[in-house]
Asker: 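Below is the structure I would like to discuss, written out as structure tokens.
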Amino acid sequence: MITTTDVTGFLGARRGRSGLHWTDWLSYTYLAIGVMLVLLPIFWMFMSSIKSPRALVENDPRLLPYEQVTTPAPDGQRQLNVFELTRPDGSKADVAFVGPRGANARVYELGKPGDIFEAPRTALSRKDVISPRWENYTDPTIGSTQSRTFNFLRYFWNSTFVTVVATLMTLVVNAMAAFALSKYKFRGRDAIVLVIVATLLIPPTVILVPLFMTVSSLGMLNSLWGVIIPAVATPTGVFLLRQYMLTIPDELLEAARMDGASEWKIFWRIMLPLSMPALSVLAILSVMWRWNDFMWPLIVLTQSEVFTLQLGLSTFKGELNDNMHYLLAMTVLTLMPVTLVFVFLQKHITTGIANTGLK
Amino acid sequence: MTPPSPAPTTASAPALNPVAWGWTMLGDVLDGPFRALQGHIGANRMAYVFLVPNLLVFGLFSFWPMILNFYIAFTGGQSVLLAERPFVGLSNFRELLDCPSYLDPRTCPVAGFSFWTGLWNTLFFAVVQVPIMIVVALVTAVVLNRDIRARGFWRAVFFYPVMLSPVVIAVIWDWILKRRGILNALLDDGTTAWNSLVGGPGYFGVLVAFGLLIGWPLGSLLARRVRTLPPWLLRLGCAVLAAAGLALLAGRSGLTLADYRPINWLIDTRSGWPMFWVIFVYTWGHLGFYMLILLAGLQAIPKDLYEAAEMDGTSKSRAFWRITLPLLMPTMIVVLVLSLIRAFQVFDEVYVLTGGGPGQATKMIIQHVYESAFIGDAKRYGIAAASSVLVAGLLLILTLGQLAATRKKAGG
Amino acid sequence: MATLELKKVTKTFGTTTVIHGIDLAINHGEFIVFVGPSGCGKSTLLRMIAGLEPVSTGDVTIDGAVVNDIPAAERGLAMVFQSYALYPHMSVRQNLSFGLENLKTPKPEIERRVAEAARMLQMDKLLERRPGQLSGGQRQRVAIGRAVVREPKIFLFDEPLSNLDAELRVQMRVEIGNLHQRLGNTMIYVTHDQVEAMTMADRIAVLKDGRLEQFGRPLDLYNRPANLFVAGFIGSPRMNFLTGELASTDQASATVALDAGGSVSVPCMAQAAASGAPVKLGVRPEHITVTDAGQGDVNLNVTITEQLGGESYLHGAMPSGEGLSVRLAGQTRVVRGDTVGLRLADPALRHLFDVASGKVFPPLT
Ligand SMILES: Nc1ncnc2c1ncn2[C@@H]1O[C@H](COP(=O)(O)OP(=O)(O)O)[C@@H](O)[C@H]1O
Ligand SMILES: [Mg+2]
């Protein structure tokens, strides 16, 4: 039994105050509205994604995936919709809708296909059942007959490949550079750090054309490598890792040096394990960037075999409005990986991002 | 507690877990060549070896393009090969900037039209979106910073959209905002329900609710002054008066709404709705990030400051204006700079949601760059590069201005 | 077998020179302590020996071979750091074996050495723990163990005990002493604590501002400090210095007129100095006895008395205003405000320094 006091106690302030101040009510109301504003659209899309194409076309505003019951017509050619008929005396019966006649409808009671009679349309109400249509997700026809352009598995694989490979490369390449820039003294070091920090301020969106030309002259257009490599050396990554590595005491490295470790071994066995917190923040950021990336793939990849999920989705959205059920299902699948990552690493991600101030 | 081991363990170490073992092995395998290299060049120069991969990629794909951009801005033609691009001097810039009136892009050449439309749209977008988002993010952060239950949960939910891709966000909202979408359906149902409510006996319910809503607090206020009458009587009286007033003013028909006609939120050319939704959707997707940063800033303010203020008898609202906001200023400036710079580069969400339409109503400056270079038969790389140079200049001024403002704040 | 020699070693960071030409020869099996105030360059010197810091000029030789250009990893030394520098992500066992693995030592040999070191330092039960799960003293042992398993030619310690509490410090001091007894290796130990230096060292090198002030056995430093700095640094409580000027000298002694009144004769060779030269007379607090006012060499106006039971300290000012301390065996009746007379003990325990150079006037041999 949940009583009012339980709820109030749960919501109530922690610090000794009992009961809720009106500002508390205001806060919780605000939060509840905000949470609904965030979650309802996503929830609505998810619920829509398991509806039948017909329900989507009819624009059924009900949350659950209702579908009208149908029954095969006596001639066996088509499916008839089933309605619930309320007779003048109040009794009810399920009837199959054969066709309209004026303001009336020609129907027959289920089980008695020979006995067609007329009933006023106002006495009919749809007979619905809840039937989630998981085929939207599993339909093997996606990518073959129904839609030439949406090859989900291919796109999913491309996106996964880009995300995983790019993230691994980002981690290794940037960690190596950050190690050099934080733990060695050499000529030009401060200049390099300065240049890298300066490029933090210059958004990649303003070098689209020359970057495109460079990538194209290296023959990387329409190749996933053309998406992966240019953003591997991210100033953000170097900066974040370097700041962290600066806090690792030099004495540890010196101890390892006395222990006969080579510089590479110091990097691999001491520096990398100790930088795990910063590396995992960068890994999460990188996964997020790469999985969600849109503009750069849009420029580099023009053939649908190499599309990433985001490209496939946006193309699909533009082209095929009558395949909404697939689009919605695929959108859910696209947001699923980051959502799962977020659900499991939520604390890590929010604190990591709050501490670094980076996205 | 571990039981005392009978003899000192000369036995081997416990089995390593496979990940650690793999990690060690991989490191050892790579150690061979690296150690040999170190033997040749010495330990200190290994720093350059560690730097090379990064500098190679960085130089080739960040630094070099930055320089190249300037050159391309002065070339014409449609080739991606530099050698085949004729030098055209300032003509790209002329095409962008030769307008009788910048305020009316239609007076510009084709490229200029696209550029200035995008620029003005982007400016409008940034100027409206950034303040709204910062205020909402601040309010949310302040609420979350209160002594509140399940803070982690609320914070996570508000942050969640940040994880979603712009394409996914655009699909979700497109689905909601379609002409036959859920929003129109809800508004339609809402209108119908309201009309049937005020059309029937619910009318009186509405009057009573309105009366209480307005009259009750009014009565309470009045009760502080007027001591001669009992408070309950004052409140009741005010409620009745308010209800009667509404009945007189609006009557039954005045409360009835016109039938709802579905709006084409993203396509309607005669209204500001497309821009409104572009701003809304973008804010929806980015709010959580700034909320998180502001919350971190709030939590960094030492609690004892508030306790000291409380001892001094400072009111909560005064503490907010005189302690919280000033101490949050550095974070606010970071948030302002970041969000402005990001708003200027808005592309993905808008491009997928409206494609810049209807017409050019939501076409942003980066979309102009993108389309000049990559869309259509004429690939005008020169125009795109010249536009990028102008945008970069604008962003630079913005950043420097912000930095200067920060400096002044910090110095003063 | 390991000897170490420093020849005119200097170290310059940028434009500031922090080590100004140090010569030092260390024999095999010696326990050497570098002592000096903090910032004097002890760690820098040690790190140059270790190979963690290149020498600017001069040579470091180990067993007669110049090692200036040999990287730290290959010098065959081991170092215990002030912060211990244990690898926080490895277990104690991994910490101990990491260095041996780098040297490609065979597995069974590694295990043997780790087990032996663990037994020697009583940390068998800690082997699977991480450094974060150990107390300060245990971490200290692991850090020493990590050096021990390497079986290095020379052990280097950089203020290894400064992070421990007083009691543990005394205990670890003894253990490190035992370790030296047992292994017989050459050890170089850096500290700023002269008590540690006196109790542990075979020979002490006193450093100040990057210069070697004196190098010798502990008691030699105590009995025959070469200069004002060493005299003031070694010994606790500090030696008292009484200013004065040289009144007269002969072959075997010098007579000093003290600012505090009276004159004192010190057996030393000071003929080279002109009479009237400013000097300082050094007398340790334990070499002073108390008599009635006016009876001794100088008077002292007592401002503080410290009664420890077994011994007592008097602190006060002489007529010249200079401060002075006295250590008395047993308990005393002198109280604050009393004026007493002081008698400087045995002339052989007086030290006379030339203020201009800071050097001692050589005592008679
Ligand atoms: N890497 C360095 N760069 C510049 N100055 C240094 C460096 N390391 C030490 N020093 C300076 O050298 C002097 C000696 O330092 P150190 O050897 O650490 O003294 P300590 O005797 O306390 O161990 C100090 O003045 C210190 O500031
Ligand atoms: Mg030191």
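We name chains A, B, ... by the order of the sequence lines, and we start the count at 1 in each one.
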Asker: Any chance you could measure B/Thr24, atom OG1, to A/Trp268, atom CH2, to the nearest 0.5 Å?
Answerer: 10.0 Å

Asker: Measuring heavy-atom distances to chain B, does A/Leu181 have an atom under 4.5 Å in its side chain, in its backbone, in both, or in neither?
Answerer: side chain

Asker: Just verifying a value: how many Å separate A/Thr350 OG1 and B/Leu295 CG, rounded to the nearest 0.5 Å?
Answerer: 9.5 Å

Asker: How many angstroms lie between CD1 in B/Ile172 and OG in A/Ser49, if you round to the nearest 0.5 Å?
Answerer: 10.5 Å

Asker: Distance-only, no hydrogens or angles: does the A/Gln310 side chain make a donor-acceptor pair with backbone N or O of B/Ser165 under 3.5 Å?
Answerer: no

Asker: Is any side-chain heavy atom of B/Phe61 less than 4.5 Å from a side-chain heavy atom of A/Leu218?
Answerer: yes

Asker: What part of B/Tyr48 lies closer than 4.5 angstrom to a heavy atom of chain A: side chain, backbone, both or neither?
Answerer: side chain

Asker: What residue in A/Pro41, A/Ser216, A/Ala180, A/Ala177 has the most heavy-atom pairs under 4.5 Å with chain B?
Answerer: A/Pro41

Asker: How about A/Phe267 and B/Phe34: are their ring centres within less than 6.0 Å of each other?
Answerer: no

Asker: With a 4.5 angstrom heavy-atom cut-off, which part of A/Thr339 approaches chain B: side chain, backbone, both or neither?
Answerer: both

Asker: If only side-chain N and O atoms count, and only distance matters, is there a donor-acceptor pair under 3.5 Å linking A/Thr205 with B/Tyr370?
Answerer: no

Asker: Contact between A/Met176 and B/Pro53 at the side-chain level, heavy atoms closer than 4.5 Å - yes or no?
Answerer: yes

Asker: For the residue pair B/Trp175 and A/Ser48, confirm or rule out a side-chain donor-acceptor distance under 3.5 Å.
Answerer: yes

Asker: Against chain B, label A/Val287 side chain, backbone, both or neither, depending on which of its atoms sit under 4.5 Å from a heavy atom there.
Answerer: neither

Asker: Identify which one of B/Val167, B/Asp348, B/Val168 satisfies the side-chain contact (heavy atoms from CB on, under 4.5 Å) criterion when paired with A/Ser314.
Answerer: B/Val167

Asker: B/Arg45 versus chain A, heavy atoms under 4.5 Å apart: side chain, backbone, both or neither?
Answerer: neither

Asker: Using heavy-atom distances under 4.5 Å, tell me whether A/Leu211 contacts chain B through its side chain, its backbone, both, or neither.
Answerer: both

Asker: Which one of B/Leu395, B/Val369, B/Leu30 has the most heavy-atom pairs closer than 4.5 Å to chain A?
Answerer: B/Leu30

Asker: Heavy-atom cut-off 4.5 Å, strictly under: side chain, backbone, both or neither for A/Gln346 against chain B?
Answerer: side chain

Asker: Could you grab the distance from atom CE of B/Met163 to atom CG of A/Leu345, nearest 0.5 Å is fine?
Answerer: 8.5 Å

Asker: Which region of B/Ile375, side chain (C-beta onward) or backbone (N, CA, C, O), has a non-hydrogen atom less than 4.5 Å from a non-hydrogen atom of chain A, or is it both or neither?
Answerer: neither

Asker: Could you check A/Leu39, A/Leu31, A/Leu37 and say which one makes a side-chain contact (heavy atoms from CB on, under 4.5 Å) with B/Val157?
Answerer: A/Leu39

Asker: Output the distance between atom CG (B/Asp31) and atom CH2 (A/Trp264), rounded to the nearest 0.5 Å.
Answerer: 8.5 Å

Asker: So how far is it from B/Phe374 CZ to A/Ile299 CD1, rounded to the nearest 0.5 Å?
Answerer: 4.0 Å

Asker: Is any side-chain heavy atom of B/Tyr160 less than 4.5 Å from a side-chain heavy atom of A/Leu335?
Answerer: yes

Asker: Does a side-chain heavy-atom distance below 4.5 Å link B/Pro166 with A/Asn292?
Answerer: yes

Asker: Determine whether A/Lys265 and B/Asp28 make a side-chain contact, defined as any pair of heavy atoms from C-beta on separated by less than 4.5 Å.
Answerer: yes

